[in-house]
Each structure stands twice: as structure tokens, then as C-alpha cells.
Amino acid sequence: PTDDHLGTVGGRALRALAIAKYHEVYKIPGGKSNRHVAEALQDCRAIAGNPKKLPDAEGKMYQPALALIFLCEVDPKGSKTQINAIVDYLVAQQLKCGAWSYTGFRELNHGDTSQTQYVILALWTAKNVGIYVPENVIVKACNWLLRTQSGPSTDNPNVDIAGPTRVVKSYFAWWMF
């Protein structure tokens with residue numbers, strides 16, 4: 001079936017990550033040599049060098065975020081070039097407002113909370129394996145999330161309800177570890 005997301009690199013990366021982590025956690029040999037893991041590794045590496053293939057067909061950021069998480073978790077040393085390429089792509093895709101969204105909405109500067117969360121998780125995962133992620137990228141994203149998380153317009157995360165940009169001290173504790 002094509003509606004289960006296994007037709008996308010991101011969907012296959014998520015499935016392969018679950019397989020690899022299962023093998024790792026339960027100390028079962030063969031996780032990285034599993035067919036699904038090996039194919040996802042090849043797919044994620046292949047799209048990393050091609051910015052047109054990083055977002056899925058709808059222009060969402062889930063695919064590059066999942067590819068980044070997968071490469072960082074499964075083969076951070078062997079995929080360092082591809083990891084850096086995806087980090088660079090995601091950093092470049094950040095909207096002026098601090099969020100991420102569909103590539104077709106860049107000029108509107110309308111962020112998408114779900115896609116932003118995936119990208120932040122992916123960048124955090126990259127940072128945890130030693131990849132440089134510019135701090136200002138995360139500060140902008142956190143500020144966007146804070147501005148759009150609660151209040152009278154929670155159904156529209158594109159409305160800035162918190163006023164001027166602010167940074168929460170807990171952000172620094174989270175990002176440093």
C-alpha cells in the first residue's frame with residue numbers, strides 16, 4: 001500500500017530505525033545488516049546530496065528530518081558527509097519566523113508545528129553525535145514555538161501571540177546536553 005509512507009525515504013528510514021534500535025537494545029546481532037536497515041541507509045545517503053530529493057513530494061520536512069535521525073543513530077561516522085549535508089539543508093530551510101514548513105510556503109513565512117518539532121529533534125540528534133548546529137537556529141525555533149504555543153489563537157500557530165522574541169533559560173540547559 002502506498003498510503004503507509006513506506007513509499008518514501010522518510011517512512012523507510014523510520015521503519016529501519018525501529019529495526020536497528022530493537023536489535024541494539026535487545027543485543028540481537030544483525031540489526032545493521034538487516035535488509036530494511038541497509039536499504040534505508042543507502043536511500044538516506046543518496047538523497048542527502050540532492051536538495052531536490054530531500055523534501056517529500058509534498059514539500060514536507062519530515063523526510064530530511066527522519067533521514068538525519070536515522071543516519072545519526074545508525075551510522076554517524078560512516079555518514080558524516082551526508083549528515084552535514086542534511087543539517088545544512090535544514091538550516092537553510094528555516095523560515096524567517098524560526099519555524100519550518102512546506103517548501104512551497106516559504107514566501108508566506110507560515111510555520112508548521114509538527115514539521116518544526118521533527119526538524120528540532122533531528123538537529124538535536126545530529127548535535128549529540130558531534131555535528132555542528134548553529135545555536136541561533138535553535139533559538140529562533142524555540143522562540144517561534146513559545147510565541148505560538150498557547151493563547152487565543154492556538155488553532156493557528158502562524159499568529160504571534162506572545163509578543164517580542166524571548167528566550168527561555170531552560171533552552172540553554174537542554175541544548176548544552
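Hydrogens, waters and symmetry mates are skipped; everything else that's a heavy atom, side chains included, is used. What you see is a predicted model; the values in this text were computed from it and never measured.
One finds the CZ atom of R15 at 4.5 Å from the NE2 atom of H36 (value rounded to the nearest 0.5 Å). To the nearest 0.5 Å, atoms CG (D43) and OG1 (T8) are separated by 9.5 Å. Rounding to the nearest 0.5 angstrom, the gap separating the SG atom in C72 from the CG atom in N128 is 9.0 Å. Taken from CG in L71 to OG1 in T81, the straight-line distance is 11.0 Å, to the nearest 0.5 Å. Taking CG of D75 as the reference point, atom SG of C44 lies at 11.0 Å (rounded to 0.5 Å). The CD atom of E135 sits 10.0 Å away from the SG atom of C142 when rounded to the nearest 0.5 Å.
A heavy-atom distance below 4.5 Å is not found between the side chains of V119 and L68. Using a 4.5 Å cut-off on side-chain heavy atoms (C-beta onward), I131 and K127 make no contact. The shortest side-chain heavy-atom distance between L95 and K140 does not fall under the 4.5 Å cut-off. Side-chain atoms of R12 and V9, non-hydrogen and from C-beta on, do get closer than 4.5 Å to each other. Between V37 and S33 there is no side-chain heavy-atom pair separated by less than 4.5 Å. Two residues are said to be in side-chain contact when any heavy atoms from C-beta on lie closer than 4.5 Å; L54 and Q93 fail this criterion. The shortest distance between side-chain heavy atoms of E73 and K21 falls below 4.5 Å.
Nearest heavy atoms, L41 versus S79: CD1-OG, 4.0 Å. In plain terms, the two heavy atoms of P64 and I86 that are nearest each other are O-CG2, 3.5 Å. Between N109 and C97, the shortest heavy-atom distance links the atoms OD1-N, 3.0 Å. L6 approaches G11 most closely through the heavy-atom pair CD2-O, 3.6 Å. The two atoms that bring I83 and A126 nearest to each other are CG2-CB, 4.5 Å, heavy atoms only. Across every non-hydrogen atom of A48 and A85, the tightest pair is O-CB, 3.5 Å.
V91 and F105 are members of different hydrophobic clusters when ILVMFWY side chains are connected at heavy-atom separations under 4.5 Å. Side-chain heavy atoms closer than 4.5 Å link hydrophobic residues (I, L, V, M, F, W, Y) into clusters, and following such links, even through other members, never connects L121 to L66. Under the 4.5 Å side-chain heavy-atom criterion for Ile, Leu, Val, Met, Phe, Trp and Tyr, I47 and Y102 are members of distinct hydrophobic clusters.
The aromatic rings of Y22 and Y26 are tilted relative to each other, their planes meeting at an angle between 30° and 60°.
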Start with the C-alpha gap between I120 and L145, add the side-chain angles, then the distance that decides, and say whether side chain to side chain contact (heavy atoms under 4.5 Å, CB included) holds. CA-CA 11 Å; I120 290 172; L145 287 167; 3.7 Å; yes
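K32 places no side-chain N or O within donor-acceptor distance of the main-chain N or O of A20, the cut-off being under 3.5 Å. Remark: the backbone N or O of K53 is paired with a side-chain donor or acceptor of Q63 at under 3.5 angstrom. Without hydrogens or angle criteria, T125 side chain to I69 main chain gives no donor-acceptor distance under 3.5 Å. A donor-acceptor pair under 3.5 Å links the side-chain atoms of Q115 to the main chain of M61, judged by distance alone.
Summarising the local packing, CD of Q42 is surrounded by 12 or fewer heavy atoms from other residues, nucleotides or ligands at distances under 6.0 Å.
Residues satisfying the side-chain contact (heavy atoms from CB on, under 4.5 Å) criterion with E58, sequence neighbours excluded, are D56, K60.
Sorted by first and then second residue, the ring-ring contact (aromatic ring centres under 6.0 Å, His included) pairs with a member in residues 56-100 read Y62-Y118; sequence neighbours excluded.
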